[in-house]
Number of protein chains: 2
Amino acid sequence: MAKTKLHRLGDLQLRIMQVLWDRGEATVAEVHDLLGARPRLAYTTVATMLRKMEVRGLVAHRTEGRTFVYRAAVAAERVSGNMAEHVLDRLFQGSLATMVNHLLTAREVSPDELAKLETLIAERKRAS
Amino acid sequence: MAKTKLHRLGDLQLRIMQVLWDRGEATVAEVHDLLGARPRLAYTTVATMLRKMEVRGLVAHRTEGRTFVYRAAVAAERVSGNMAEHVLDRLFQGSLATMVNHLLTAREVSPDELAKLETLIAERKRAS
DNA sequence: GTTGACAAACTACCACGGTAGTATTATCAA
DNA sequence: TTGATAATACTACCGTGGTAGTTTGTCAAC
């Protein structure tokens, strides 16, 4: 399996992956529907993108009748992890604290989120 | 000034920005040296990239004699913020806790980092 | 003055994300 | 049998990141 650079997926590709991760499997038509962007994409755009993504190893398909049923070929965790780590390393020199600091000041974070974060950190401290 | 999409900067562009953020100003030769990648990039590659980046409004330059002295034209915080938020929204549905969870499990985090994180969260809680 | 070094400008390519039209083919209904 | 429908396949195009060679201009040293 080629060293598929998992960071650097385009926006459309990410949105498609999201659909597949959510649904498990989906036909081109289903992906097309579920994307539902403002200037609705052409059906063929989605089909082409899926084909390109299959070449890159991001998705795979099985055939049902004459319809392709696509599924994700890489786990959401791997992609999320890779992209998040990439940003962390390139932009924040690997410092999670710096990154979180930026994000905390840049946007509203609900008390609920804060509580969850607190628990996470506490758990991590205990484990080390 | 065009709506410079600040998320989606390539790797080389980010590394160049990093140099400029660090140094304030730098000539092409200096940037070229400071990048110091394994298969060393050609001087002209860096020069070309800087010119392209100037068109996009990422950097600017002044002339000193006949050499260009470049500087960043966008703040590190804006770029970091944009890219981090983009990943957060696209990959973690905006949940900071989810993102941090991934990053905590994916890599070693020093006790020092954990302590800083704890402080950040605590401060944030108090402020809300 | 001619030469050599260096800087920028220009030009050229490739890869790939994104977008979509056209062509082909398989299937089903009238 | 014919025609409509719907699916994939093929092709094409643009923008831009990345990479670098070639050309041109200029300054300094000989």
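Hydrogens, waters and symmetry mates are skipped; everything else that's a heavy atom, side chains included, is used. As the structure is a prediction and not an experimental result, all values here were calculated from the model. The sequence lines fix the lettering, A, B, ..., with proteins before strands; numbering per chain opens at 1.
Considering only side-chain N and O atoms, Thr45(A) lies nowhere under 4.0 angstrom from the phosphate OP1 or OP2 of dT19(C). Contact annotation: Arg56(A) side-chain N/O to dA15(C) OP1/OP2 distance is not under 4.0 Å.
Of all heavy-atom pairs spanning Val79(B) and Leu91(A), the tightest one is O-CD2, 4.1 Å. Contact record, Glu85(A) with Ala106(B): OE2-CB, 3.7 Å, taken as the closest heavy-atom pair.
Nucleotides of DNA chain D lying under 4.0 Å from heavy atoms of chain B occupy a range whose first and last members, 5' to 3', are dG17(D) to dC27(D).
Within the 4.0 angstrom heavy-atom criterion, no nucleotide atom of any strand lies near Ala47(A). Nucleic acid contact class of Tyr43(B) (heavy atoms, under 4.0 Å, all strands): sugar-phosphate only. Nucleic acid contact for Leu41(B): sugar-phosphate only, since backbone atoms but no base atoms lie under 4.0 Å from a heavy atom of the residue.
For a distance-only test at 3.5 Å, the side chain of Thr67(B) fails to qualify as a donor-acceptor partner of the base of dA7(C).
Of the candidates Arg71(B), Glu25(B), Glu54(B), His61(B) forms a side-chain hydrogen bond (donor to acceptor under 3.5 Å, both in side chains) with just one, namely Glu54(B).
Looking at Arg56(A), its side chain does come within 3.5 Å of a backbone N or O of Lys5(A) through a donor-acceptor pair. Of the possible polar contacts, none joining the Gln13(A) side chain to the Met53(A) backbone as a donor-acceptor pair under 3.5 Å is found.
The side-chain hydrogen bond (donor to acceptor under 3.5 Å, both in side chains) analysis of residues 114-126 of chain B, with sequence neighbours excluded, yields the pairs Glu118(A)-Lys125(B), Lys125(A)-Glu118(B).
Residue Phe68(B) contributes atom CZ, which lies 10 Å from atom P of dC10(C) at whole-angstrom precision. Between the P atom of dG17(C) and the CD atom of Glu54(A) lies a distance of 15 Å, rounded to the nearest Å.
Along DNA chain D, the nucleotide nearest Val69(A) and the nucleotide nearest Arg51(B) are compared for position; the residue whose nucleotide lies closer to the 5' end is Val69(A). Between Val28(B) and Gly10(A), the residue anchored nearer the 5' end of DNA chain C, judged by the nucleotide with its closest heavy atom, is Val28(B). In this structure, Arg15(A) and Lys52(B) both approach DNA chain C, and ranking their closest nucleotides by distance from the 5' end singles out Lys52(B).
Of the candidates dC10(C), dG21(C), dG18(C), dC10(C) carries the atom nearest the Thr48(B) side chain, counting heavy atoms from C-beta on.
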